[in-house]
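Below, read A as the first sequence line, B as the second, and so on, with proteins coming before strands; counting in each chain starts at 1. All values derive from a computational prediction rather than experimental measurement.
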Protein chains: 2
Amino acid sequence: MTRILVVEDSEDMAFGLRNNLEFEGYEVDVAADGPAGLTRAEEGRADLMILDLTLPGMDGLDLLKALRARGNAIPILVLTARQEEIDKVEGLKLGADDYVTKPFGVMELLARVEALLRRSEQMQPMKVFRMGDIEVNVSARTVLRQGQPVELAPRELDLLLSLIAHQGRVVTREELLREVWGHAGRVVTRTVDTHVSELRRKLEPDATNPIFILTARKAGYRFDMDQLTELVP
Amino acid sequence: MTRILVVEDSEDMAFGLRNNLEFEGYEVDVAADGPAGLTRAEEGRADLMILDLTLPGMDGLDLLKALRARGNAIPILVLTARQEEIDKVEGLKLGADDYVTKPFGVMELLARVEALLRRSEQMQPMKVFRMGDIEVNVSARTVLRQGQPVELAPRELDLLLSLIAHQGRVVTREELLREVWGHAGRVVTRTVDTHVSELRRKLEPDATNPIFILTARKAGYRFDMDQLTELVP
DNA sequence: GACGAACATGACCAAATTGTAATCAATTTG
DNA sequence: CAAATTGATTACAATTTGGTCATGTTCGTC
């Protein structure tokens, strides 16, 4: 889920932004002033910031400066009113990644958000997990076992990723069906078992004694948290 | 004296640009169409080009490609009315150094010009990749195999560059379409497959067992990171 | 206007994938 | 302990998916 932090003092504007962004499927977090924005941004949970430059109190520009000064590289889309183009100039030199002048169209904003996210995706490190001698590269959709590629079918990989995403928690077959198969359609729940079996065969050191994908009787499956490391290179 | 070449067909726009830029102390040269722009650019007297992508006749994109193909590294600021064109230029790493969407404010334009000039002071080296015995010169848009030129159609080269730009990550057919085809025409996604096939035929040692452009079933394609070296000459 | 290159697309085929039934094994329950 | 329940595994036919080829179109060049 892509998370967008909106730093905006006007309630109306914040409401509008939230509405539109959420409609597009983003998760939206709103901060009403600079300091709050700074705090939220430093939590590091947002993938993109939309920053209104006409903030009261701590100026938006200061927020920008502060963030960048601390080495925070979150992509920032700056909003500014038309006549304050001077602000824009400064924003540019400071490290805003893009900006939009008010009044702006929804489509334009969304397009820029999308473009910015796309651009920043390249900068993000690859998502890689390690479990024992197995390495799962989410970005490349590859799995290595002792450096050797393991051939996983799409369904298998998706299932594995879903289990990993819920690491430490029991996931019911129904949940897995919903997440991996997409629909609560007519897939018999036993299908999950089959794929889990196949995954174990390919990944577990000893398929009859699984250490990664554990069975929770009468409940579902669980990926053992203790076996999993997230690599952030 | 810093010299700016403006490639712009609309007289009004050209006049406005010249006015403002000259007021800022730049020397301005205007070309009214693509071919004229290409000629002027090749004279090598300009420090920066402002290029309107909505040119008649020779498309602005073609001018861009043609310039870069000839190894011309002049910094280019692209003007465009359409977001999709930005996507295209950006996705391809075609060599626009920055862009502004119309309508834009004067201050914004000037800021970008300034930023671009500053950035280009420290000349960026030519981007060249090596994959096995293949050498891909991104800036020159040429491909050599054991020193011999490989003839790639524009689409093919664009596709290759896009894949290389995402090296190590799976890229969906939709993403490739957006970046290479520009999202404009509603091209069928299977078309990507055809071009990948052609690329493999021309580049892979064994097209039936690709080592560069790998298939990620149900997901897209991926350029194998391990096969790619970036040369910094 | 002929010709060829580029290119999008549909068709066809081979190979990979996958849902399911059937069977076997383990665990729980009464 | 036997029956019942639940999970594991295997086998396989149907379907999906991707590779490739042939075709029609467009566009620029001669």
Looking at side-chain heavy atoms only, is the closest gap between B:T189 and B:L177 below 4.5 Å? yes
When the distance from NZ of B:K218 to P of D:dT16 is rounded to whole Å, what number comes out? 10 Å
What's the closest nucleotide to the B:R217 side chain, out of D:dT6, C:dT17, D:dA8? C:dT17
Measure from CD on B:E198 to C1' on D:dG18 and round the result to the nearest Å. 16 Å
Assign each of B:R201 and B:G220 the nucleotide of DNA chain D bearing its closest heavy atom; nearer the 5' end lies the nucleotide of B:G220
Ignoring backbone atoms, establish whether A:W181 has a side-chain N or O less than 4.0 Å from OP1 or OP2 of C:dG19. yes
So, is B:H195 close to the C:dA8 phosphate, meaning a side-chain N or O under 4.0 Å from OP1 or OP2? yes
Do A:V113 and A:Y26 touch side chain to side chain, with heavy atoms closer than 4.5 Å? yes
What is the separation between atom CZ on A:R155 and atom P on C:dT20, rounded to the nearest whole Å? 11 Å
So which nucleotide does C:dG30 pair with, by the Watson-Crick or G-U wobble rule with both distances under 3.5 Å? D:dC1
Electrostatic pair B:D193-B:R173, nearest N-O below 4.0 angstrom: yes
Atom pair distance, as rounded to whole Å: CG in A:L159 and P in C:dT17: 15 Å
Between C:dG4 (P) and B:E151 (CD): distance, integer Å: 17 Å
Roughly how far, to the nearest 0.5 Å, is CZ of A:F212 from CG of A:L163? 13.0 Å
Shortest side-chain distance from B:D193, nucleotide among D:dG18, C:dG19, C:dT18: D:dG18
Between atom CG in B:L214 and atom C1' in D:dT17, what is the gap in whole Å? 17 Å
With heavy-atom distances below 4.5 Å as the criterion, would you say the side chains of B:V78 and B:M49 are in contact? no
Selected nucleotide, minimal atom distance to B:P154 side chain, candidates D:dT20, C:dA6, D:dT10: C:dA6
N-O pairing of A:R141 and A:D158 below 4.0 Å: yes
Measure CG/B:L157 against P/C:dC7 and give the value in whole Å, please. 10 Å
Nearest-nucleotide pick for B:R190, side chain only, options being C:dT17, C:dC7, D:dG18: D:dG18
Can you figure out which of C:dT20, D:dA8, D:dT20 approaches the side chain of A:R173 most closely? D:dA8
Counting side-chain heavy atoms from C-beta on, which of D:dG19, C:dG10, D:dA8 comes nearest to B:S197? D:dG19
Ignoring backbone atoms, test whether A:T215 places a side-chain nitrogen or oxygen under 4.0 Å from the OP1 or OP2 oxygen of D:dG7. no
Out of curiosity, A:R112 CZ to A:L79 CG, how far, rounded to the nearest 0.5 Å? 11.0 Å
Can you measure from CG (A:L159) to NE2 (A:H195) and round to the nearest 0.5 angstrom? 8.0 Å
Using only side-chain N and O atoms of B:Y221, determine if any of them is under 4.0 Å from OP1 or OP2 of D:dG19. yes
Which of the following nucleotides, C:dT27, D:dG18, C:dT17, is nearest to the side chain of A:A153? C:dT17
Which residue lies more 5' along DNA chain C, comparing B:T189 with B:L152 via nearest heavy atoms: B:L152
Just the rounded figure in Å: distance from C1' of D:dT9 to CG of A:N209. 16 Å
Nearest-neighbour nucleotide for the B:T208 side chain, C:dC7, D:dG18, D:dT20 considered: D:dT20
What are the residues of residues 135-145 of chain A, sorted by number, that bring a heavy atom to within less than 4.0 Å of DNA chain C? none
To the nearest 0.5 Å, tell me how far B:I74 CD1 sits from B:L48 CG. 6.5 Å
Is the shortest side-chain N/O distance from B:R200 to OP1 or OP2 of D:dT20 below 4.0 Å? no
